[in-house]
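Bear in mind the structure is a predicted one, so any value in this text is a computation, not a measurement. Each ligand, and each atom within it, is numbered from 1 in the order the structure gives.
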Amino acid sequence: MEKQEQFTPQHTADGSYTFYSTEFGESFHSQFGAKQEAELKFVEPLNLRQRAQHSPLFLLDICYGLGYNSAAALTAIWETNPDCQVELMALELDETVPKSSIAHHVLESYPAEIVEILAQLATTHSFQSDRLNAKLLLGDARTTLQQVQSSGFKADAVFLDPFSPPVCPQLWTVEFLSLVAQCLKPDGNLATYSCSATVRSALLAAGLTIGSTSPVGRRTPGTIAGFSSAALPSLSTSELEHLQTRAAVPYRDLSLNDNAESIIQRRQQEQQSSTLEPTSQWKKRTLPMLDENSIN
Ligand SMILES: C[S@@+](CC[C@H](N)C(=O)[O-])C[C@H]1O[C@@H](n2cnc3c(N)ncnc32)[C@H](O)[C@@H]1O
């Protein structure tokens, strides 16, 4: 049996499909909807329709996975400006994920042209046309992103979409996010679905300013980051306070090659010796005033 057959499409609430990773013990998307997540956590907060007015656009898709974020981005950009030139750099560890996505027709609700592009990207790891230059770099993003950085690639928009910090801390460390920041244009933005304090403090330590992307339905907010705070939606008081608690101790990976366990242990030790308020104490103190969504 080929490895790609291990992924079985799972239905999400908006009718789109995701996969479940037995390796990481997590779904690739929230149960509210894979397609909606790409739109509401990435395409909209990054203002891709507005950015599409200015060609060329440089996109960095970290953790390409099934390809939803790239599919949603290309669809939105070309619906707005069919002449927009796009440079897409996509990073993914496991090539069987994009291949399974194509084999199971997961992206079929996007325009046929986009599905064909991403099918070629999954197979040959590159695609070139008069309006798109796309590359899929396979391997640990901590290594492939160093190649991207040394090539001088600077993104207008970054999709940061790893599995959650407790299961994939490698891609949420200060060091990795500093590398991401080096691949961002001065007026570029990064978006992620995560609103966790550890992720937000790592983004701040990487030299970025942060804002909150709006929660939709029962969803938690995500985070948008960039070098300038202009136009970033500000954090609520409770979100700011959360960043003053031990939950905000960031993950560290000094040489960008530690395993998940060491990165988690290092953070736990730092939390134990931290002078920051324990998060549980802060929650007790402020819980009646808190929006439940902001305390993850
Ligand atoms: C939450 S899923 C991403 C979903 C994806 N953005 C989409 O639209 O379908 C996380 C992805 O990160 C990949 N991944 C895990 N560890 C990685 C690493 N160290 N470097 C690059 N990719 C990694 C997984 O194989 C998985 O495809």
Enumerated ligand 1 atoms positioned under 4.0 Å from heavy atoms of [X]:
| X | answer |
| --- | --- |
| L93 | 14 (N), 16 (N), 17 (C), 18 (C), 20 (N), 21 (C), 22 (N), 23 (C) |
| G139 | 20 (N), 21 (C) |
| L66 | 7 (C), 9 (O) |
| D161 | 1 (C), 2 (S), 3 (C), 4 (C), 5 (C), 6 (N), 10 (C) |
| Y64 | 5 (C), 6 (N), 7 (C), 8 (O), 9 (O) |

Side chain, backbone, both or neither: the part of L171 lying under 4.0 Å from ligand 1 by heavy atom: side chain

Distance from K99 atom NZ to S101 atom OG, nearest 0.5 Å? 13.0 Å

Protein contact to [atom] [nearest heavy atom, distance to 0.1 Å]:
| atom | value |
| --- | --- |
| atom 11 (C) of ligand 1 | C63 CB, 3.6 Å |
| atom 20 (N) of ligand 1 | A141 N, 2.8 Å |
| atom 26 (C) of ligand 1 | F28 CE2, 3.5 Å |
| atom 27 (O) of ligand 1 | E92 OE1, 2.8 Å |

Please determine whether any non-hydrogen atom of [X] lies less than 4.0 Å from an atom of ligand 1.
| X | result |
| --- | --- |
| Q170 | no |
| F24 | yes |
| H29 | yes |
| A38 | no |
| N69 | yes |
| S27 | no |

Show your reasoning for whether ring pair (Phe, Tyr, Trp, His ring centres under 6.0 Å) applies to H29 and Y68. CA-CA 10 Å; H29 299 90; Y68 272 103; 4.9 Å; yes

side-chain contact (heavy atoms from CB on, under 4.5 Å), paired with L91, selected from D61, D140, V148: V148

Side-chain touch V86/L74, heavy atoms, less than 4.5 angstrom: yes

Looking at D156 and F58, would you say the former's side chain and the latter's main chain have a donor-acceptor pair under 3.5 Å? yes

Pairs of nitrogen or oxygen atoms closer than 3.5 Å, one from L91 and one from ligand 1: do any exist? no

Does the ring of Y110 carry K35 above it, NZ/CZ under 6.0 angstrom from centre and within 45° of its axis? yes

Can you confirm if the NZ or CZ of R142 lies within 45° of the ring axis of F176 and under 6.0 Å from the centre of its six-membered ring? no

R252 and E175 ion-paired at < 4.0 Å: yes

For a ring pair (Phe, Tyr, Trp, His ring centres under 6.0 Å) check, start with the C-alpha distance between F7 and Y20, then their side-chain angles and the critical distance, and finish with the verdict. CA-CA 7 Å; F7 294 112; Y20 179 81; 9.6 Å; no

On a heavy-atom basis, I'd like to know which of D140, V97, T18 is closest to atom 19 (N) of ligand 1. D140

T209: which residues meet the side-chain hydrogen bond (donor to acceptor under 3.5 Å, both in side chains) condition with it, sequence neighbours left out? none

Share the residues that join V249 in a hydrophobic cluster, the rule being Ile, Leu, Val, Met, Phe, Trp or Tyr side chains under 4.5 Å apart at the heavy-atom level. L276

